[in-house]
Amino acid sequence: EPEVTQTPSHQVTQMGQEVILRCVPISNHLYFYWYRQILGQKVEFLVSFYNNEISEKSEIFDDQFSVERPDGSNFTLKIRSTKLEDSAMYFCASRKSRNSNQPQHFGDGTRLSIL
Amino acid sequence: QKEVEQDPGPLSVPEGAIVSLNCTYSNSAFQYFMWYRQYSRKGPELLMYTYSSGNKEDGRFTAQVDKSSKYISLFIRDSQPSDSATYLCAMSEEDSNYQLIWGAGTKLIIKP
């Protein structure tokens with residue numbers, strides 16, 4: 001069964017450094033999402049992406065964050081200058097269409113640790 | 001306010017028992033309701049997906065949505081040790097580009 005894949009599984013980065021998290025969505029999906037889950041807290045929506053532009057973003061998704069679909073298969077989340085509070089699990093999800101019977105499918109996440 | 005409440009547990013039951021997991025919510029605009037299962041160090045795996053009110057059954061799993069009470073449930077029949085995981089409810093509005101709002105997740109333990 002097709003699945004969303006995320007790399008790396010664990011990323012350790014010094015505070016202030018840039019980090020790029022990578023995702024390969026399911027191939028015929030058109031809508032892409034990033035969520036994060038800080039340890040012990042709820043999953044939180046970050047951003048949705050469709051047709052090469054951001055559709056919606058949360059308050060968390062400030063100017064330090066950006067997303068890109070550089071080559072038609074990868075979907076990346078960049079954090080420009082990481083902070084300690086960016087440490088979390090980051091999940092990528094994709095959805096086939098806006099039809100009501102099309103849910104989001106998730107990858108296994110990237111654990112981001114900021115030192 | 002977009003809020004979803006879910007008891008974090010842990011909920012421990014013997015193998016073979018019927019499990020009931022629940023979420024309440026405050027936003028009457030939610031139309032899509034999902035249950036995801038999450039094993040340790042894995043991403044959320046979709047179990048059940050329901051639009052608006054009603055029941056949906058898939059094997060040992062039954063999802064119920066009561067929009068009048070703003071209450072959703074997931075029932076697991078004949079529970080197995082392999083069902084031990086964290087169960088997350090998630091929901092979204094019709095016009096929010098499908099942004100999911102999540103419960104905290106309930107940790108379920110099925111004792112052999």
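A, B, ... follow the sequence lines: proteins, then strands. Residue 1 opens every chain.
The hydrophobic cluster containing A:V24 does not contain A:L46, counting ILVMFWY residues as joined when their side-chain heavy atoms lie under 4.5 angstrom apart, directly or transitively. There is a path of hydrophobic side-chain contacts, each under 4.5 Å, that joins B:M91 to B:L74. Linking Ile, Leu, Val, Met, Phe, Trp and Tyr residues whenever their side-chain heavy atoms come within less than 4.5 Å leaves B:F75 and B:L88 in two separate clusters. Put simply, B:Y49 and A:Y35 are part of the same group of oily side chains (I, L, V, M, F, W, Y) that touch within less than 4.5 Å, one to the next. Under the 4.5 Å side-chain contact rule for hydrophobic residues, A:L30 and A:I26 do not share a cluster.
The environment of CG in A:D71 is crowded: more than 12 heavy-atom neighbours from other residues, nucleotides or ligands sit within 6.0 Å. Other residues, nucleotides and ligands place more than 12 heavy atoms under 6.0 Å from the NZ atom of B:K67. Heavy atoms of other residues, nucleotides or ligands lying less than 6.0 angstrom from NZ of A:K42 number more than 12. Other residues, nucleotides and ligands contribute only 12 or fewer heavy atoms inside 6.0 Å of the CD atom of A:E59.
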Show me the side-chain donor-acceptor pairs of residues 11-23 of chain A shorter than 3.5 Å, one per line, residues at least two apart or across chains.
unit_1: A:Q11; atom_1: NE2; unit_2: A:T13; atom_2: OG1; d: 3.3

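Using a 4.5 Å cut-off between non-hydrogen atoms, the part of residues 33-41 of chain B that approaches chain A consists of B:Y36, B:Q38, B:R41. Contact residues of residues 106-115 of chain A toward chain B are A:F106, A:G107, A:D108, A:R111 (heavy-atom distance under 4.5 Å). Residues from residues 87-94 of chain A that place a non-hydrogen atom less than 4.5 Å from a non-hydrogen atom of chain B comprise A:F91, given in numerical order.
Options B:E45, B:Q31, B:K42 differ in how many heavy-atom pairs under 4.5 Å they form with chain A, and the most are formed by B:K42.
The distance from the CD atom of A:Q41 to the CH2 atom of B:W102 is 15.5 Å, given to the nearest 0.5 Å. In this structure, CZ on A:R95 lies 8.5 Å from CG on B:L100, to the nearest 0.5 angstrom.
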